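The structure appears below as structure tokens.
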Amino acid sequence: MVDQIQDDGVYDKYRWLDTLDGWKRSHHNNELSAANLGQQVCLMGWVQFRRDHGGLIFIDLRDREGLTQVVFSPEYNSTAHERAHAIRAEYVVAVKGLVRERPDGMANSSLVTGEIEVVVDEWKLLNLSETPPFTIEDRDDAGEQHRLKYRYLDLRRPKLARNFILRHKATRAVRKYMDSLGFLDIETPVLTKATPEGARDYLVPSRVTQGSFYALPQSPQLFKQLLMMSGFDRYYQIVKCFRDEDLRADRQPEFTQIDIEMSFVDESQVQEMAEGLVRAMFKETIDVDLPTQFPRMTYAEAIRDYGLDKPDLRFDLKLQNVSDIFEKSDFKVFAKAGLVKCLKVPNGAQLSRKEIDDYTHFVEIYGSQGLAWIKVKEDGQWQSPIVKFFSESECEALKERMNVQAHDILFFQAGQADIVNTALGSLRIKLGERFDLIQDNTFAPVWVTDFPLLEWDEEEKRFTAMHHPFTAAQPGELKTVQENPGAALSRAYDLVLNGQEIGGGSIRIHSVEEQQTMFKALGISAREAEEKFAFLLEALQYGAPPHGGIAFGMDRIVMLLTGASSIRDVIAFPKTQKATCLMTEAPSTVSKKQLAELGIKLREKKEE
RNA sequence: GGAGCCGUAGUUCAGUUGGUUAGAACGCCGGCCUGUCACGCCGGAGGCCGCGAGUUCGAGUCUCGUCGGCUCCGCCA
């Protein structure tokens, strides 16, 4: 009926399309209720489902807000009904009709608009649609490869659409809160200078200065510090940042940061502001009240108790250092280890041998050599492949230290400290999920403070900044930086929520001497510092105020707010793990002309 | 750079030890249907088993390579 060949042979399936002709939408599709009974309304949207009974025809009309059932009835309006047989999924239609109550027992309690329906007087076919490659509804029946290729269709799915509506509310909450505290939204450049430290830069070739490159910002770090030196006092920006590193379920090459900087403040003032911001976002998007004061823990405590610098405090298990118990043990694996840590799971003895084997493979990912364990039976007997190597006093000490009870399981990691902590800390998260220790809809924020200023980079054989090279050392630690760089503590802090790092910041260096000391500790020569950061070193000499700030990962926060398991579900047009866009097919090759203008010559492809 | 899982109809998947004509559900097309809401009933069409080699009398199934998607380690100040 719809596809026709015109007289001139041109295939034109759009000749029956209607125009709006001044029709105006009166309501969205999640809006009508019994309160609107008897009203004439005009709705527009996409056809979600069609249920053609031959006589009555029902369609569910969808827009971003929801669904409304529309009825075509031969008795009510036979012309409208006759034309409606041709309606298919995803056609775009406008209907004018009467809001009426559904017959007895026909209400649909799963729809907000389920008590009513709109019976059609007149309707317009605004556009046709090919049969979509996958069904547009919330039950996931398409793979991500298809969903990303047809992202614009995927985004019609209510579940996904809701994420972006919520994301908008989060953004709005940020702007409202920051404005209320006198922060100015100031834009910083996207074409900027490559930095030697940190992540790999995305580079943009300069046409005007051939052979030179801009870099896309990993963060507006230096610009926001310079804005403090300009006297702007309180700055924020919701800003795209770029890092050319490998992707993860919670990492995209371009991501959005809530970037904040303040002058004349110390850590506590930045943190107080930041807590208020996060509380406002949670309140105004999902109506959750976060605690009025977030707990704090030092980096050292986090590693000691949780093995990770982003502890998930939604459940209580803690790692225990048991190195001392086994110092002189006959069990050489423990005695010779740099660190031995134990994690007890109450009632964990139910784990099967296979599950334990799986956990063994799991910790191997982190470089662990193996996973030792002890199951405690009903009668208190220990079942374990390693206990036979323990002396009686070692068993007693362990029993007391770990407060061992019947049905417990103990897991051990022994070896190099960083591997022990990472492996056992990650296993802790896994076990928390396995034993359902994490309650739904709980949010456990925590500040992690007192980070080391520097960490040793084995590959480069030098210290690198743990946070970034502009982070101030704690009072008195400047001397430590020179004498024992690895021991110096910084004025950096991270905000962790449910085991995810959602924000990080620091009080910055505002004295040129301290900045030079820092560069020196990082093995950056005075010449190199001059070359890369001359503008910063100069600016610091013209009255830089004490300042500090924080940056939040907007995408990750929205993930937590929506419960999304992938960052791709809160980014409208995300990239695949290979950093490509399946829809636009970016990145792509460019013409020789474009390359020539940039003075770029591609390496010849080797012939096979 | 490395490890793992996956790739079969438009979609989601099944496919036994390698064996004849590769199946199901949903979707699509046609017919019937006046209270459905993932409507129902009847009928039909639809396949480069990701791609390329190899083993074999014979490959969706085994081997190697390759491309693509996902998860993770490294990396991500």
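Note that the structure is predicted; figures quoted are calculated from it, not measured. Note on naming: letters A, B, ... go to the chains in the order of the sequence lines (proteins, then strands), and numbering restarts at 1 for each one.
- Positionally, the nearest nucleotide of RNA chain B for Arg102(A) lies more toward the 5' end than for the other of Arg102(A) and Ala199(A).
- For the residue pair Gln237(A) and Tyr235(A), a side-chain donor N or O sits within less than 3.5 Å of a side-chain acceptor on the partner.
- For the C1' atoms, the distance from C49(B) to U21(B) is 15 Å, rounded to whole Å.
- Using a 4.0 Å heavy-atom distance criterion, Thr580(A) is classed as a sugar-phosphate-only contact.
- Ring to ring, Phe362(A) and Tyr366(A) are close: their centroids are under 6.0 angstrom apart.
- Considering only side-chain atoms of Ala249(A), the nucleotide from G68(B), G35(B), U71(B) that sits closest is U71(B).
- C29(B) is paired with G43(B) under the Watson-Crick or G-U wobble criterion, all donor-acceptor distances under 3.5 Å.
- Checking U11(B), G27(B), A38(B) against every side-chain atom of Thr131(A), the shortest atom distance belongs to G27(B).
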Kindly give the atom pairs (protein nitrogen or oxygen, nucleotide nitrogen or oxygen) under 3.5 Å for nucleotides 1-5 of chain B.
unit_1 : atom_1 : unit_2    : atom_2 : d
G1(B)  : O6     : Asp246(A) : OD2    : 3.3

Atom pairs under 3.5 Å: protein N/O with N/O of nucleotides 40-42 of chain B:
none

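- When the C1' atom is compared between A59(B) and A22(B), the two are found 13 Å apart, to the nearest whole Å.
- Side-chain contact of Gln48(A) with Arg156(A): a donor-acceptor pair under 3.5 Å is absent, judged by distance alone.
- Base-pair partner of A14(B): not found among the strands shown (Watson-Crick or G-U wobble, both distances under 3.5 Å).
- Look at CD on Gln145(A): it is 13 Å from P on U71(B), rounded to the nearest Å.
- Among the heavy atoms of the strands lying under 4.0 Å from Tyr366(A) are primed sugar atoms or P, OP1, OP2 only; no base atom is included.
- With hydrogens and angles disregarded, a donor-acceptor distance shorter than 3.5 Å links the side chain of Tyr493(A) to the backbone of Ser506(A).
- Aromatic rings from His81(A) and Tyr76(A) are positioned such that their centres are separated by 6.0 Å or more.
- The gap from the P atom of G30(B) to that of C13(B) amounts to 29 Å, rounded to the nearest Å.
- In this structure, His81(A) atom NE2 and G35(B) atom C1' are separated by 12 Å, rounded to whole Å.
- Side chain to side chain, Glu122(A) and Asn77(A) fail the donor-acceptor criterion of an N or O pair below 3.5 Å.
- For Val99(A) against Asn36(A), the heavy-atom pair with the smallest separation is CB-O, 3.4 Å.
- Counting only heavy atoms from C-beta on, Gln69(A) has its side chain closest to U36(B) among G68(B), U36(B), C29(B).
- For C39(B), neither phosphate oxygen OP1 nor OP2 lies less than 4.0 angstrom from any side-chain nitrogen or oxygen of His53(A).
- One C1' atom belongs to G2(B), the other to G60(B), and the distance between them is 30 Å to the nearest Å.
- As the counterpart of C5(B), G69(B) is assigned, both hydrogen-bonding distances of the Watson-Crick or G-U wobble pattern falling under 3.5 Å.
- A ring-centre distance under 6.0 Å is not found for Phe573(A) and Tyr152(A).
- Regarding contacts with the backbone of G69(B), every side-chain N or O of Arg568(A) stays at 4.0 angstrom or more from both OP1 and OP2.
- Taking the P atoms as reference points, C26(B) lies 30 Å from C70(B), given to the whole Å.
- Among the protein residues, Thr195(A) comes within range of no part of the nucleic acid, since none of its heavy atoms lies under 4.0 Å from any strand.
- Taking atom C1' on both G15(B) and G23(B), the two are 7 Å apart, rounded to the nearest angstrom.
- Counting only heavy atoms from C-beta on, Phe134(A) has its side chain closest to U11(B) among U11(B), C76(B), G35(B).
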Original post:
Between Asp555(A) and Gln252(A), is a side-chain hydrogen bond (donor to acceptor under 3.5 Å, both in side chains) present by the stated rule, with each step listed?
Top reply: CA-CA 9 Å; Asp555(A) 314 278; Gln252(A) 284 271 306; over 6 Å; no
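- Geometrically, Arg462(A) does not engage Trp456(A) in a cation-pi contact, judged by NZ or CZ lying under 6.0 Å from the ring centre and within 45° of the ring axis.
- In this structure, of A38(B), U34(B), U12(B), it is A38(B) that holds the atom nearest to the side chain of Phe49(A).
- Residue Pro74(A) comes nearest to Gly55(A) through the heavy atom pair CD-O, 3.8 Å, listed as atom of the first residue, atom of the second, then distance.
- Inspection of the Ser368(A) and Gln413(A) side chains reveals an N or O donor paired with an N or O acceptor under 3.5 Å.
- Comparing A25(B) with G31(B), their C1' atoms are spaced 22 Å from each other, to the whole Å.
- Across all strands shown, Leu67(A) has no heavy atoms under 4.0 Å from either base or sugar-phosphate atoms.
- Residues from residues 110-119 of chain A lying near RNA chain B, meaning a heavy-atom separation below 4.0 Å, are Glu117(A) in numerical order.
- Heavy atoms of Pro469(A) sit under 4.0 angstrom from at least one base atom.
- A tilted orientation is assigned to the rings of Tyr299(A) and Phe451(A), their planes being inclined by 30° to 60°.
- When both pairing distances are held under 3.5 Å, C57(B) makes a Watson-Crick or G-U pair with G19(B).
- Contact between the side-chain N/O atoms of Thr576(A) and the OP1/OP2 oxygens of G69(B) is found at a separation under 4.0 Å.
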**OP:** Kindly indicate, with the supporting measurements, whether the criterion side-chain hydrogen bond (donor to acceptor under 3.5 Å, both in side chains) is fulfilled by Asp312(A) and Asn498(A).
**Re:** CA-CA 5 Å; Asp312(A) 190 336; Asn498(A) 294 358; 5.9 Å; no
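- Within 4.0 Å of Pro74(A), counting heavy atoms only, lies at least one base atom of the nucleic acid.
- The six-membered or imidazole ring of Tyr202(A) lies away from that of Tyr214(A), with a centre-to-centre distance of 6.0 Å or more.
- The nearest whole Å value for the distance from the CG atom in Leu247(A) to the P atom in G69(B) is 11 Å.
- Taking atom P in both A53(B) and U61(B), one finds a spacing of 14 Å when rounded to whole Å.
- Rounded to an integer number of Å, the gap from CD1 of Ile136(A) to C1' of A38(B) is 15 Å.
- Distances shown here put every side-chain N or O of Ser73(A) at or beyond 4.0 Å from the OP1 or OP2 atom of G35(B).
- In this structure, Ile59(A) places its CD1 atom 16 Å from C1' of G35(B), rounding to the nearest Å.
- Regarding contacts with the backbone of U36(B), every side-chain N or O of Arg51(A) stays at 4.0 angstrom or more from both OP1 and OP2.
- Between the side-chain ring of Phe58(A) and the base of U36(B), a stacking contact exists by the 5.5 Å and 30° definition.
- Across the interface with RNA chain B, nearest-nucleotide mapping of Arg251(A) and Met106(A) shows Met106(A) to be the residue nearer the 5′ end.
- Counting any heavy atom pair closer than 4.0 Å across all strands shown, Arg100(A) reaches a base atom.
- Pairing of C64(B), defined by two Watson-Crick or G-U wobble distances under 3.5 Å, is identified with G52(B).
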